[in-house]
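Since the model is a prediction, treat every value here as computed from it, not as a measurement.
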Amino acid sequence: MRARRSFDGVSMDAVSAVAELFGRSAERQPFDLPGDTGAVGVWQVVHRSESGNIRVLMWPAIDRIDVAVGPHMWVVKGIREVEVLDGLEVVARFGDRGVLTVSLGGQVVLTTPHDVPSG
């Protein structure tokens, strides 16, 4: 069974765990959100995967993660939990049932709930 670590939102502990998963250091970006005063910052992890370069940009101050693989990009806001499964993937949960998954191999899955009206 793989070790799992869970974090509330996009915390600095979550940033460190994501960097560790990909075997990289989180790099502070040269830009911040207005009013952030540099206290939290924006952090990037880049990893070379089977499907291309993965860029994970993490915004702890606003619980946001941006993921880019090749020409494809996903932006998820309002992340309430980040879970890291050692040696496998990072899972970010948002909204009621939304999930963003980024694997070490470069696969990205974004699942959003869709309730079909009855009747």
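- No side-chain heavy atom of R5 sits less than 4.5 Å from a side-chain heavy atom of E83.
- Q29 contributes atom CD, which lies 5.5 Å from atom CG of L57 (distance to the nearest 0.5 angstrom).
- For the pair V108 and L110, the minimum side-chain heavy-atom distance is 4.5 Å or more.
- Under the 4.5 Å side-chain criterion, counting only non-hydrogen atoms from C-beta, L100 is not in contact with V109.
- Here the closest heavy-atom approach between residue S49 and residue G106 is recorded as OG-CA, 3.4 Å.
- Across R55, M58, E27, a single residue satisfies side-chain contact (heavy atoms from CB on, under 4.5 Å) together with V45, and that is M58.
- The backbone N or O of Q107 sits less than 3.5 Å from a side-chain atom of S103, completing a donor-acceptor pair.
- You'll find the side chain of V69 reaches within 4.5 Å of the side chain of W74, heavy atoms only.
- Annotation: side chain of V84 is not in contact with side chain of R4 (no heavy-atom distance under 4.5 Å).
- Scanning both residues, R64 and V75, for their nearest heavy atoms gives NE-CG1, 3.5 Å.
- No donor-acceptor pair under 3.5 Å is formed between the side chain of R28 and the backbone N or O of W43.
- Annotation: the span from I79 atom CD1 to W59 atom CH2 amounts to 12.5 Å, rounded to 0.5 Å.
- When every heavy atom of P60 is checked against every heavy atom of G41, the shortest pair comes out as CD-O, 3.4 Å.
- A61 approaches V40 most closely through the heavy-atom pair N-CG1, 3.8 Å.
- In this structure, CZ on R80 lies 9.5 Å from CZ on F94, to the nearest 0.5 angstrom.
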Evaluate the side chain to side chain contact (heavy atoms under 4.5 Å, CB included) criterion for residues V82 and I65: first the C-alpha distance (whole Å), next the side-chain angles of each, then the deciding distance (0.1 Å), finally the verdict. CA-CA 10 Å; V82 173; I65 294 179; 4.3 Å; yes
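- Taken from CD in E89 to CG in L104, the straight-line distance is 9.0 Å, to the nearest 0.5 Å.
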What donor-acceptor contacts under 3.5 angstrom involve side-chain atoms of residues 8-22, with partners at least two apart or in another chain?
residue : atom : partner : partner atom : Å
S11     : OG   : D13     : N            : 3.4
S11     : OG   : A14     : N            : 3.1
S16     : OG   : M12     : O            : 3.2

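- By the rule that hydrophobic residues join a cluster once side-chain heavy atoms approach within less than 4.5 Å of another member, L88 and I54 end up as members of separate clusters.
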